[in-house]
Amino acid sequence: MRISQRRGAAAVAATVAAGAILTACSSGGSEDGQTDAGSAAGGEDATCTNEILNADAPQVSVWAWYPAFESVVDLFNETHDDVQVCWTNAGQGADEYNKFSTTIEAGSGAPDVIMLESEILPTYTILDSLVDLSEYGAGELESQFTTGSWSDVSNGDSVYAVPVDGGPMGMLYRADIFDEYGVEPPTTWDEFAQAAQDLRDAGYDGYITNYPTNGNALNYALFAQNGWSPFEYDNANPAEIGIDVATPEAEEVLSYWNDLIESDLVATDDAFTSDYNTSLVDGTYAVYLAAAWGPGYLQGLSDADSGAEWKAAPLPQWDPANPVQVNWGGSTFAVTEQAADPELSYTVASELFGTMDAWELGIDEAALFPQWLEALESDFFVEKEYEFFGGQQINKDVFIEAANGYEGFSFSPFQVYAYDQQTQALYDMVESGGDAAGALQTIQDALVTYAQQQGFTVK
């Protein structure tokens with residue numbers, strides 16, 4: 001590097017602090033009713049959201065924003081005499097990351113264990129702020145998790161986090177709308193485009209779906225389904241990165257969506273706004289391209305059409321003879337370099353969701369999608385019927401196959417910046433009537449320039 005790795009890493013941390021990450025899980029965990037838990041494993045006084053059941057046991061501090069997480073923490077503390085979890089909800093996604101980045105710069109104040117989205121892990125491994133858990137036997141856990149989720153937390157022999165939940169993708173659709181207008185739900189992207197036109201021709205005044213230019217990880221997943229792999233990065237050689245955004249595969253996908261946008265068959269509303277949420281449930285969109293956490297998100301929205309009939313189906317494919325499964329989001333537990341007892345912290349990271357009792361809470365109360373195979377393959381999860389989907393067993397029908405088929409994806413160590421550049425370029429394309437090739441080249445040029453400015457050698 002032209003500048004030191006640490007100086008470059010500091011710039012990355014600043015980018016994290018400035019960026020907004022689209023999170024995969026809903027906000028949860030109230031901070032009301034906190035109790036003073038005394039000394040945490042990190043050696044500092046900690047205020048816990050939860051109750052400490054064994055004050056004589058060492059404590060491991062955890063930052064996480066999972067919904068209904070307090071029940072999981074209480075279960076862990078009830079079943080562990082040798083360690084207690086002191087949990088704090090430090091904010092959701094970017095809010096937590098900003099605080100974590102501040103502790104990295106300060107050299108103190110981080111929790112022992114932290115919830116991180118899998119896509120953000122490289123941002124913190126380059127900062128040397130996460131413990132390589134292989135030293136404590138984490139590599140032996142590989143067979144217990146889905147292939148893709150393990151790929152997302154590991155690099156070579158190194159393991160930087162324990163997978164928890166994931167976002168394998170499917171298609172949630174309004175069966176009542178498709179039935180009313182006599183259109184078959186699509187199974188391929190060609191059929192999807194035709195269905196969009198057929199719905200409109202039959203008198204449907206909404207859009208088949210929404211393509212948000214701020215879709216971040218959603219858009220990455222849609223590109224990846226067509227073979228897009230924009231980054232080549234290895235933690236063992238952190239000074240180098242390969243950047244290949246403007247590929248024919250990405251251009252094909254983005255051109256496809258741009259054509260639908262220009263034909264006014266697909267909306268371009270920003271995702272996760274109040275207007276977007278309303279459109280998801282009032283019939284404006286006939287399809288919600290969703291991660292496995294999407295059903296829980298959808299069910300939590302208000303003002304839904306009383307006559308809506310939702311069904312889940314596999315994500316449309318480019319080549320149905322060679323289906324490709326992709327993932328949108330997912331979270332992990334990592335151990336921070338500031339943990340006073342990394343081995344004990346690893347125990348907490350690996351065992352918080354290490355039982356079916358914990359996962360039944362996570363599934364029923366928080367709508368999490370397990371990456372731990374024992375839960376993923378359990379009768380409890382496989383056979384689960386969802387009233388919101390008319391009793392459909394959506395895990396069996398759609399999401400388990402998607403989870404098992406996902407093979408992993410390589411993100412950059414400056415992912416927040418990469419998302420920001422993508423959002424701006426796609427927004428400009430839509431607003432100015434530009435084309436896919438130009439938008440992708442704009443992203444490519446911006447990322448190469450940024451990487452070089454931060455001291456990376458771009459291969």
Side-chain angles (χ1 to χ4, degrees), residues 16 21-35 37 40-42 46-52 59-78 80 83-103 109-121 123-124 129-131 133 149 152-153 160-167 293 296 329-336 338-339 342 344-355 357-359 361-372 375:
V16 173
I21 306 284
L22 177 62
T23 58
C25 300
S26 300
S27 175
S30 168
E31 295 189 9
D32 295 337
Q34 294 180 337
T35 57
T47 301
C48 309
T49 302
N50 60 288
E51 181 182 358
I52 299 299
Q59 295 171 23
V60 169
S61 57
V62 176
W63 285 2
W65 69 83
Y66 292 111
F69 188 50
E70 188 163 6
S71 297
V72 177
V73 171
D74 288 346
L75 176 64
F76 181 94
N77 286 346
E78 289 168 2
H80 287 75
V83 61
Q84 296 280 280
V85 167
C86 171
W87 167 54
T88 299
N89 184 344
Q92 178 177 325
D95 290 339
E96 182 203 76
Y97 302 157
N98 292 342
K99 293 175 184 177
F100 186 35
S101 297
T102 299
T103 70
D112 302 310
V113 174
I114 187 169
M115 173 185 175
L116 296 174
E117 291 165 292
S118 54
E119 66 208 64
I120 208 71
L121 288 173
T123 300
Y124 289 111
S129 55
L130 303 180
V131 173
L133 301 177
S149 68
D152 287 345
V153 301
Y160 292 102
V162 177
V164 180
D165 76 319
W293 46 264
S331 61
T332 71
F333 278 133
V335 175
T336 77
Q338 294 182 29
L344 189 63
S345 299
Y346 165 65
T347 296
V348 169
S350 60
E351 295 184 9
L352 262 166
F353 279 99
T355 66
D357 286 341
W359 265 111
L361 292 170
I363 293 163
D364 280 346
E365 297 185 14
L368 301 183
F369 188 91
Q371 298 296 297
W372 187 49

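What you see is a predicted model; the values in this text were computed from it and never measured.
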Closest approach of [X] to [Y] (non-hydrogen atoms, all atoms of both residues):
X    : Y    : value
S345 : V113 : O-CG2, 3.4 Å
Q338 : G109 : OE1-N, 3.1 Å
V72  : A358 : CG2-O, 4.1 Å
A90  : W63  : CB-CD2, 3.5 Å
T88  : T49  : CA-OG1, 3.7 Å
A375 : P370 : CB-CB, 3.8 Å

* To do: Applying side chain to side chain donor-acceptor pair (under 3.5 Å), name anything that partners E78, two or more places apart in sequence or on another chain.
  =>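 E78: no side chain to side chain donor-acceptor pair (under 3.5 Å) contacts found.
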
Sorted by chain and number, sequence neighbours left out, side chain to side chain donor-acceptor pair (under 3.5 Å) with W359 holds for none

[X] [atom1] to [Y] [atom2] distance, which is reported to the nearest 0.5 Å:
X    : Y    : atom1 : atom2 : result
E70  : L361 : CD    : CG    : 12.0 Å
S129 : Y160 : OG    : OH    : 10.5 Å
Y97  : Q92  : OH    : CD    : 9.5 Å
S331 : E119 : OG    : CD    : 10.5 Å
F353 : I363 : CZ    : CD1   : 9.5 Å
F333 : L352 : CZ    : CG    : 5.0 Å

| Who pairs with D74 by salt bridge (charged side-chain N to carboxylate O under 4.0 Å, His left out), at least two apart in sequence or on another chain? |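 D74 satisfies salt bridge (charged side-chain N to carboxylate O under 4.0 Å, His left out) with no residue once adjacent residues are dropped.
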
Mind checking ring pair (Phe, Tyr, Trp, His ring centres under 6.0 Å) for F100 and listing every partner two or more places apart, or none if nothing turns up?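 With neighbours one apart ignored, the set is Y124.
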
If we only count heavy atoms from C-beta on, is the [X] to [Y] side-chain gap below 4.5 Å?
X    : Y    : answer
D112 : V348 : no
V62  : P111 : no
L121 : D152 : no

side-chain contact (heavy atoms from CB on, under 4.5 Å) filter on D357, not counting sequence neighbours, yields L75, T355

Contacts of S149 meeting side-chain contact (heavy atoms from CB on, under 4.5 Å) (sequence neighbours excluded), chain-then-number -> F145, T146, P163, Q371

Test your reading of the model: is there a side-chain donor-acceptor pair from N77 to the backbone of V85, 3.5 Å cut-off? yes

Under the 3.5 angstrom rule, does the side chain of T332 hit a backbone N or O of L116 as a donor-acceptor pair?
->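 The answer is yes, because a donor-acceptor pair under 3.5 Å joins these two groups.
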
Q: Could you go through the side chain to side chain contact (heavy atoms under 4.5 Å, CB included) check for W65 and N89 one step at a time?
A: CA-CA 5 Å; W65 69 83; N89 184 344; 3.8 Å; yes

* Asked: Hey, what's the ring geometry for Y66 with F69, parallel, tilted or perpendicular (30° and 60° as the breaks)?
  -> tilted

